[in-house]
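Every chain is numbered from 1, with letters handed out A, B, ... down the list of sequences.
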Number of protein chains: 2
Amino acid sequence: MMSSSPASPTGATAGRTQPELLVGLNAVILAVTQDQPRVLSVGPQTASLGDVAAKPEATSRALPFGPFDREHDRTLELCMRETVRKETGIELGYVEQLYTFADKGRDPRESSGGSRVLSVAYLALLQEGVLSGVEDATWEDCYEFFPWEDWRGGKPALIDEIEAALMEWAGRVEQTSAGSDYRERIDICFGLGDVGWDAYRVLERYELLYEAKLVAEYWLDRGQSPTSRIAERFGRPMAFDHRRILATGLGRVRGKLRYRPVAFELIPETFTLLRLQHAVEAISGLRSHKQNFRRLVERSGLVEGTGSREAKTGGRPAELFRFRRAVLRERRAPGVATLRSPRTP
Amino acid sequence: MMSSSPASPTGATAGRTQPELLVGLNAVILAVTQDQPRVLSVGPQTASLGDVAAKPEATSRALPFGPFDREHDRTLELCMRETVRKETGIELGYVEQLYTFADKGRDPRESSGGSRVLSVAYLALLQEGVLSGVEDATWEDCYEFFPWEDWRGGKPALIDEIEAALMEWAGRVEQTSAGSDYRERIDICFGLGDVGWDAYRVLERYELLYEAKLVAEYWLDRGQSPTSRIAERFGRPMAFDHRRILATGLGRVRGKLRYRPVAFELIPETFTLLRLQHAVEAISGLRSHKQNFRRLVERSGLVEGTGSREAKTGGRPAELFRFRRAVLRERRAPGVATLRSPRTP
DNA sequence: ACCCTTATACTCGTTATGAGTACAAGTGGA
DNA sequence: TCCACTTGTACTCATAACGAGTATAAGGGT
């Protein structure tokens with residue numbers, strides 16, 4: 001309730017009893033290994049828990065999470081770092097807050113009398129090679145969850161299938177309600193017609209597919225089983241709303257790549273330009289022109305040569321570069337601008 | 001605690017008792033009126049409450065806020081819209097989630113035995129002319145809180161004063177701790193040396209000033225009074241950590257302006273190009289080249305002429321334009337790219 | 001020596017950007 | 001009516017950035 005004499009920053013009244021609200025933290029931890037974008041997930045490795053194994057949810061991967069300990073943690077971010085450190089042994093570097101999720105129904109247990117759950121999601125980027133020592137924490141390929149997001153090999157064939165399925169859905173919906181702009185949303189989200197593919201819109205695409213009942217979670221959230229076509233073609237589901245959270249995270253990095261030098265958080269201290277390029281391509285899901293990428297990165301002043309070179313390239317040895325921290329002092333908002341759209345013709 | 005068999009999206013254990021944690025919502029509601037950026041604030045209009053009037057906090061403005069009603073509200077955003085609607089009569093349009101604040105100590109009452117407060121802040125943009133009917137809700141000029149952020153008249157003289165004060169502070173700190181990169185942070189934040197001014201870094205600047213004890217909140221948070229110089233020169237304080245939240249919001253719009261057409265959320269349906277330019281300038285705090293701004297906006301396809309024109313310009317009548325929604329179907333990430341940096345020479 | 005691979009340099013045409021100049025079309029007053 | 005003043009709009013021009021190539025360098029293997 002707004003109040004004209006603020007008594008607390010939120011206006012919440014102390015001592016007022018309400019049904020339980022749990023606050024937790026989720027972490028989207030991304031890395032690039034073998035030129036593939038990976039996300040750290042937790043959950044049982046194999047479904048060997050007896051009869052539970054039959055249920056698809058039981059084998060879904062989840063994002064690392066933990067409760068927010070309001071007694072001991074000074075900040076949300078520290079709590080998240082601590083949780084991840086304790087549970088996986090990983091010491092996070094680059095971290096940023098992503099989004100706070102609190103929609104009713106995001107935890108299926110709510111409906112059966114459980115508490116409402118609010119969680120604050122964080123995004124973290126790790127360099128290749130940092131591995132978790134914990135058995136049931138695994139790195140998964142991001143594009144298994146979003147197969148339509150990987151355009152590095154050109155427009156995925158799946159896009160046509162998605163377009164057809166979405167248009168069919170939009171047609172059905174338009175008959176009942178006033179929904180003539182569904183087609184427009186579809187065009188924008190998936191870059192159809194003369195729209196270009198915008199790598200950034202990961203979340204919008206996932207949510208549109210969810211609305212169109214084309215992702216497994218739509219059915220699982222309602223206690224039903226997805227059709228086999230959905231289960232096989234439209235990406236692996238994750239537990240709860242974690243695929244949505246992952247979509248938010250992937251979209252955020254892709255966006256940030258354009259104007260902040262976050263790519264360097266994903267690769268070792270020294271690297272060849274091709275490696276940098278591959279990391280950027282893995283995250284953005286787009287292929288870029290090698291010579292121009294080099295020109296762009298060099299001209300930007302983001303990197304400096306180390307003098308030494310890497311021999312194991314299979315061809316001419318490549319020079320090793322390092323990130324010039326000093327660049328932050330010289331230019332505003334440096335990033336890798338090349339990441340516009342792939343040439344579709 | 002991370003768990004290998006996820007039982008809840010956050011891992012929070014139901015039924016576990018912890019000290020009270022309150023969840024609330026804050027809204028940064030921005031508009032542009034008379035070419036000035038405004039923020040909607042609440043609080044007593046004048047300090048006529050007796051002896052409380054002497055304390056500066058009693059007269060500070062606060063951002064609109066309300067508790068998150070976990071029973072009735074389906075989503076955080078709906079709760080926020082509802083709160084604002086009920087309390088000010090304003091029906092929000094463009095809204096996005098901004099950030100979640102939960103640092104220990106953000107509510108001064110915590111230390112005196114109160115509850116920990118977490119709040120989710122939202123950003124909303126309104127068109128000129130939407131006014132609140134509620135008496136103690138007022139529109140305040142954003143730059144009263146951040147006088148150093150307005151570069152429309154060229155580099156503010158205040159920047160030199162800030163530079164001096166910060167450098168002096170950095171010098172003092174370096175003697176005690178290992179802090180040789182304070183100067184680098186100062187350079188980056190305030191665009192000194194060969195760095196350019198980056199309009200986007202509003203929060204970083206505010207936080208640096210806070211650390212350097214140059215904003216009133218630093219002292220108020222510790223129950224002390226700021227020096228008169230700080231009170232007079234470094235912007236008006238707000239209640240609690242609301243100036244920090246406002247900084248987050250202003251930074252976010254400034255950033256978004258560059259790649260999404262959010263400027264149109266701030267102006268009426270039809271507008272002259274100069275009006276659009278002034279709205280962009282008000283938010284970004286930068287002046288832009290009129291002819292180039294026009295070229296950019298027209299070439300971008302973001303707008304279309306309506307044929308009619310506005311007479312009240314004081315000179316030649318200007319054509320009225322409207323935002324072309326269709327552009328969203330044609331180009332990825334359209335924005336107003338011109339907003340780089342002001343020519344400082 | 002020849003072929004394959006990857007790295008790196010350089011070219012070329014197109015488009016975007018910053019900074020102007022020039023002219024158009026209103027207003028109000030001498 | 002003419003003139004000064006205001007704001008809007010069209011065009012120019014040099015420079016930088018971008019997309020797409022071609023050409024050459026420098027390693028390994030057979």
Side-chain angles (χ1 to χ4, degrees), chain A residues 35 154 196-197 258-259 270-278 280-281 284 286-321 330-345, chain B residues 35 151 154 196-197 258-259 270-278 280-281 284 286-321 331-345:
Chain A
D35 300 340
W197 174 259
R258 295 197 261 234
Y259 61 99
T270 66
F271 48 84
T272 66
L273 292 184
L274 188 59
R275 181 156 199 180
L276 173 62
Q277 183 181 344
H278 282 329
V280 167
E281 289 176 343
S284 70
L286 301 175
R287 194 63 76 187
S288 41
H289 180 112
K290 185 169 175 174
Q291 296 92 317
N292 288 350
F293 183 88
R294 150 180 295 272
R295 176 178 65 186
L296 195 75
V297 171
E298 287 192 306
R299 209 176 21 68
S300 74
L302 286 168
V303 301
E304 61 192 355
T306 63
S308 54
R309 42 200 70 248
E310 176 162 274
K312 310 291 320 159
T313 57
R316 169 174 170 179
E319 180 164 14
L320 285 166
F321 290 81
E330 294 158 13
R331 311 182 118 255
R332 286 150 295 96
V336 181
T338 344
L339 308 169
R340 296 296 162 74
S341 78
R343 34 245 134 263
T344 343
Chain B
D35 300 339
W151 285 56
W197 174 260
R258 296 196 261 233
Y259 61 100
T270 65
F271 47 85
T272 66
L273 293 183
L274 189 59
R275 181 157 198 180
L276 173 62
Q277 182 181 346
H278 282 329
V280 167
E281 290 176 341
S284 69
L286 301 176
R287 194 64 76 188
S288 41
H289 180 114
K290 186 169 175 173
Q291 297 92 318
N292 288 350
F293 183 89
R294 150 180 295 271
R295 175 178 66 185
L296 194 77
V297 171
E298 287 191 307
R299 208 176 23 68
S300 74
L302 286 168
V303 302
E304 62 193 354
T306 62
S308 54
R309 42 200 72 244
E310 177 163 275
K312 310 290 318 158
T313 58
R316 170 174 167 176
E319 180 163 14
L320 285 166
F321 290 80
R331 311 182 119 255
R332 285 150 296 96
V336 180
T338 344
L339 308 169
R340 295 298 162 73
S341 76
R343 35 246 133 262
T344 343

Task: Presence of B/R299 side-chain N/O under 4.0 Å of C/dT15 phosphate oxygens OP1/OP2 - done: no
TODO: Scan B/L273 against the nucleic acid and name what it touches under 4.0 Å (heavy atoms): base, sugar-phosphate only, or nothing.
DONE: nothing
TODO: Have a look at the helix from C/dA1-D/dT30 to C/dA30-D/dT1 and give the angle its two end axes make, five pairs each, rounded to 10 degrees.
DONE: 10°
TODO: Working to the nearest 0.5 Å, report the span between CG of B/L296 and CG of B/L302.
DONE: 8.0 Å
Open item on the list: In whole Å, I'd like the distance from the CZ atom of A/F293 to the P atom of C/dT8.
Closed with: 13 Å
Task: Shortest non-hydrogen separation from A/H289 to A/Q277 and the atoms involved - done: C-NE2, 4.3 Å
- [ ] Specify the separation, in whole Å, of atom CG of A/L276 and atom P of C/dT8.
- [x] 13 Å
TODO: Measure the shortest side-chain to side-chain distance between A/R294 and A/R299 over non-hydrogen atoms and say whether it is less than 4.5 angstrom.
DONE: no
TODO: Could you list the residues that satisfy side chain to side chain donor-acceptor pair (under 3.5 Å) with B/E298, not counting sequence neighbours?
DONE: none
Task: Spacing between A/R275 atom CZ and C/dA7 atom C1', to the nearest angstrom - done: 17 Å
Open item on the list: A/T306: which residues meet the side chain to side chain donor-acceptor pair (under 3.5 Å) condition with it, sequence neighbours left out?
Closed with: A/S308
- [ ] Apply side chain to side chain contact (heavy atoms under 4.5 Å, CB included) to A/R316 and list each qualifying residue two or more places apart in sequence or on a separate chain.
- [x] none
TODO: Report the distance from atom CZ of A/R294 to atom P of C/dC10, rounded to the nearest whole Å.
DONE: 12 Å
Open item on the list: Taking the nucleotide of DNA chain D with the nearest heavy atom to each, does B/E298 or A/R295 sit closer to the 5' end?
Closed with: B/E298
- [ ] Give the rounded distance in Å between these two atoms: CD of A/Q277 and P of C/dT8.
- [x] 12 Å
Task: Rounded distance in Å - CG (B/L286) to P (C/dG18) - done: 12 Å
TODO: Round to the nearest Å and state the distance from A/L296 atom CG to C/dA9 atom C1'.
DONE: 16 Å
Task: Non-neighbouring partners of B/R275 that pass side chain to side chain donor-acceptor pair (under 3.5 Å), sequence neighbours left out - done: B/E128
Open item on the list: Taking side chain to side chain contact (heavy atoms under 4.5 Å, CB included) as the definition, give me every residue that meets it alongside A/E319, ordered by chain and number, with sequence neighbours left out.
Closed with: A/R309, A/F321
- [ ] Supply the atom-to-atom distance A/R258 CZ to B/Y259 OH, rounded to the nearest 0.5 angstrom.
- [x] 8.0 Å
Report, one pair per line, the protein and nucleotides 21-23 of chain D atoms (nitrogen or oxygen only) whose separation is under 3.5 Å.
unit_1: D/dG21; atom_1: N7; unit_2: A/H289; atom_2: NE2; d: 3.2
unit_1: D/dT22; atom_1: O4; unit_2: A/Q291; atom_2: NE2; d: 2.6

Open item on the list: Checking the side chain of B/E310 only, and the main-chain atoms of B/L320 only, is there a donor and an acceptor separated by less than 3.5 Å?
Closed with: no
If you restrict it to nitrogen or oxygen atoms, what contacts under 3.5 Å exist between nucleotides 24-27 of chain D and the protein, and what is each distance?
unit_1: D/dA25; atom_1: O4'; unit_2: A/R316; atom_2: NH1; d: 3.4
unit_1: D/dA25; atom_1: N3; unit_2: A/R316; atom_2: NH1; d: 3.1
unit_1: D/dA26; atom_1: O4'; unit_2: A/R316; atom_2: NE; d: 3.4

- [ ] Send over the distance from B/K290 NZ to D/dA10 P, rounded to a whole Å.
- [x] 12 Å
Task: Contacts of type side chain to side chain contact (heavy atoms under 4.5 Å, CB included), residue A/E304, not counting sequence neighbours - done: A/R322, A/R324
